[in-house]
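Here is the structure we will look at, set down as structure tokens.
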Amino acid sequence: MRWGWHLIRLWSLLVYGFMFLPVAVVVLLSFNASQFGSFPMTGFSFRWFVELWNNDAIMRAFRTSIVLGLLTAVISTTLGVLASLALVRYKVPGANAISTLLIAPILVPEVVLAVALLLFLNFLGLHKSFTLLLFGHVIFTLPFVILVVQARLVSIRRDVEEAAMSLGASPVQTFFQITLPLMLPAVLAGALFAFTISFDDITGTLFWKPGGVETVPTQIFAMLRNSISPEINALGTVMIVMTVGLPLIGAAIARQLARKSGT
Amino acid sequence: MSTVILDKIVKRFGTFTAVHPTNLEIPEGTFLTLLGPSGCGKTTNLRMIAGLLDPTEGEIRIGGKSVNNVPIHKRNLGIVFQNYALFPHKSVADNVAFGLKYRNIPSSEIPGRVQKALDLVQLPDVGDRYPKALSGGQQQRIALARAIVIEPDVLLLDEPLSALDANLREDMRVELKRIQDQIGVTTVFVTHDQSEALAMSDQIVVMSAGRVEQVGTPEEVYNRPASEFVANFLGASNIIEGKCTGKDAETAALDVPVFGKVPVPADKAPHVSEGAAKLVLRAEKLLLMPQGADTTGMVTSEAVVETVDYQGQTVRYFIRAGDRQFQAINMIDGHPFAEGTTVTVGFRPIDCAGLPG
Ligand SMILES: Nc1ncnc2c1ncn2[C@@H]1O[C@H](COP(=O)(O)OP(=O)(O)O)[C@@H](O)[C@H]1O
Ligand SMILES: [Mg+2]
């Protein structure tokens with residue numbers, strides 16, 4: 001019995017090691033002073049981060065990713081909140097079917113979704129564009145926002161909103177005074193999800209992006225095809241900090257808000 | 001403060017009729033209770049008055065004006081919900097002030113009015129706290145303060161005490177009645193608890209399965225039930241089927257098994273006429289006595305005690321007289337009768353009511 005537990009513990013350590021060691025290696029190597037993006041370490045240096053800063057292509061990709069991520073977050077969150085309200089509060093006919101349809105992009109493999117959207121575009125006779133890329137990211141991130149916001153909305157009691165209306169607040173005033181503040185943690189979490197997923201995405205982006213536009217992931221992908229430059233390690237570190245750090249900060253803010261609102 | 005009138009109100013959900021045609025007048029300043037078992041349509045009626053549900057048919061008038069097309073936020077009503085429904089993200093003072101912001105009240109006056117409302121519900125010092133820092137009873141008081149601070153035309157309360165524990169519920173009952181007396185607002189109170197209804201109301205509307213069974217003062221619905229349902233819902237009653245052998249201005253002569261002739265006062269048997277009739281005998285009016293006790297003025301029978309349910313100050317007996325079982329609730333005087341004892345049971349005819357058969 002005891003041995004069994006030890007084996008399981010060892011096994012999970014190995015699994016975690018296998019998952020996180022490459023990440024650790026990337027972070028470690030990004031501070032390597034050597035010419036080559038590999039071991040051995042020859043000293044500690046920020047030089048690859050400086051190079052990154054001076055690399056126009058990468059900085060452009062970075063700006064594209066941030067703009068794309070922010071727009072995706074804003075649009076996805078707005079649509080997600082409206083859809084959740086319609087589904088949870090107004091009991092639109094066929095709510096279940098609509099809900100499934102909106103959540104479906106999570107279940108469909110991303111490649112399939114990417115190709116489908118592209119084919120649809122061809123069918124409409126449109127060309128690839130930044131707008132299409134944005135559209136793809138919104139479709140892809142919307143389910144996450146809806147899932148998070150819906151879960152929260154269900155837990156907000158209807159009678160709290162009814163109380164507000166009985167006191168003289170119109171439905172719109174009730175939304176901004178009561179419903180929105182109460183679901184704010186979920187709205188922020190949804191927006192962060194959307195941003196992070198968009199910032200991270202490569203499969204869909206490779207299919208949808210117009211020529212000449214690169215996001216950070218596709219830029220890394222392109223650079224990898226030539227050589228493994230140490231800059232990539234630095235870029236990897238920046239990506240890790242953003243995609244891990246942002247949700248952590250978001251979660252902390254959400255918890256803070258939730259505590260204040262007493263729910 | 002206004003009269004509320006329900007004029008031939010009907011509410012259907014799909015094919016299910018939750019409220020059958022209902023007419024009701026709630027005079028200005030009245031404390032009216034909708035009383036009935038769960039699912040009989042009390043909440044549905046209340047929500048139609050509130051504007052949270054549209055009646056399928058009929059008209060609702062508040063203060064003489066039809067409100068069918070007036071949305072809830074323009075009706076100027078105070079609503080208190082079963083689960084308080086305080087705004088969790090606002091302080092107590094902000095909760096109470098909420099309704100004032102939508103009325104033309106100078107903002108300099110708001111803190112004073114909030115404080116007055118908090119004083120009225122006897123929680124003057126909790127303005128800075130958040131709802132979750134208050135007990136259930138305190139939260140319900142704040143909910144009440146929030147509803148009355150806007151000086152509503154009508155106050156609507158849907159089982160506001162049922163989430164509180166028993167002791168607190170009785171305190172709040174007294175408190176609620178005091179506040180209603182003080183501000184004199186027309187009040188519609190919903191409950192399934194008959195003792196709550198009897199203790200607080202000016203008028204009770206007893207409902208069953210979407211229909212009004214009886215409207216009257218607590219004394220009327222208790223002593224002169226208009227139907228078997230009302231007689232059974234407000235306390236325990238023995239309903240004995242028999243016949244009416246004659247009726248004049250004074251009395252209706254009922255003849256029932258076991259007890260024989262019972263001269264019921266005519267005003268307590270208004271709908272009884274000669275022929276089949278039922279005698280309503282309240283369990284607490286049926287007295288158990290030792291055999292041979294003085295029974296002057298009573299209608300009596302011999303009976304055997306079958307079950308004794310001891311409840312402290314009172315005891316509930318199930319007794320058998322002839323081939324029938326009756327229920328009696330008596331104050332305890334010394335020891336309760338033991339099971340198996342033969343006793344004399346009796347009641348005064350003026351304590352009975354008659355129903356048509
Ligand atoms: N939105 C609704 N849809 C369908 N049926 C409803 C709805 N609301 C209430 N009902 C039904 O109407 C009846 C009366 O309900 P309600 O007024 O809530 O009863 P009460 O408050 O007396 O317990 C119940 O049978 C209930 O199931
Ligand atoms: Mg109810």
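Note on naming: letters A, B, ... go to the chains in the order of the sequence lines (proteins, then strands), and numbering restarts at 1 for each one.
- Both the backbone and the side chain of B:R146 come within less than 4.5 Å of a heavy atom in chain A.
- For B:L86, the part sitting under 4.5 Å from any heavy atom of chain A is the backbone (N, CA, C, O) and nothing else.
- Shortest non-hydrogen contact noted between B:I150 and A:S166 is CD1-O, 4.4 Å.
- Interface residue B:L77: only backbone heavy atoms are found under 4.5 Å from chain A.
- Open room surrounds CG on B:D128; 12 or fewer heavy atoms of other groups in view lie less than 6.0 Å from it.
- When each of A:P171, A:A163, A:A169 is scored by its heavy-atom pairs under 4.5 Å with chain B, the top score falls to A:A169.
- Residue A:F120 qualifies as open at atom CZ: its count of foreign heavy atoms under 6.0 Å is 12 or below.
- Taking a 6.0 Å sphere around CZ of A:F199, one finds it holds more than 12 heavy atoms contributed by other residues, nucleotides or ligands.
- Under the 4.5 Å side-chain criterion, counting only non-hydrogen atoms from C-beta, A:I178 is in contact with B:K90.
- In this structure, A:F135 places its CZ atom where only 12 or fewer heavy-atom neighbours from other residues, nucleotides or ligands lie under 6.0 Å away.
- With B:H89 contributing its side chain and A:Q177 its backbone, the two residues share a donor-acceptor pair below 3.5 Å.
- Residues of residues 105-126 of chain B never come closer than 4.5 Å to chain A when only heavy atoms are counted.
- Just one residue in the list A:R158, A:R157, A:E162 forms a side-chain contact (heavy atoms from CB on, under 4.5 Å) with B:F81, and that residue is A:E162.
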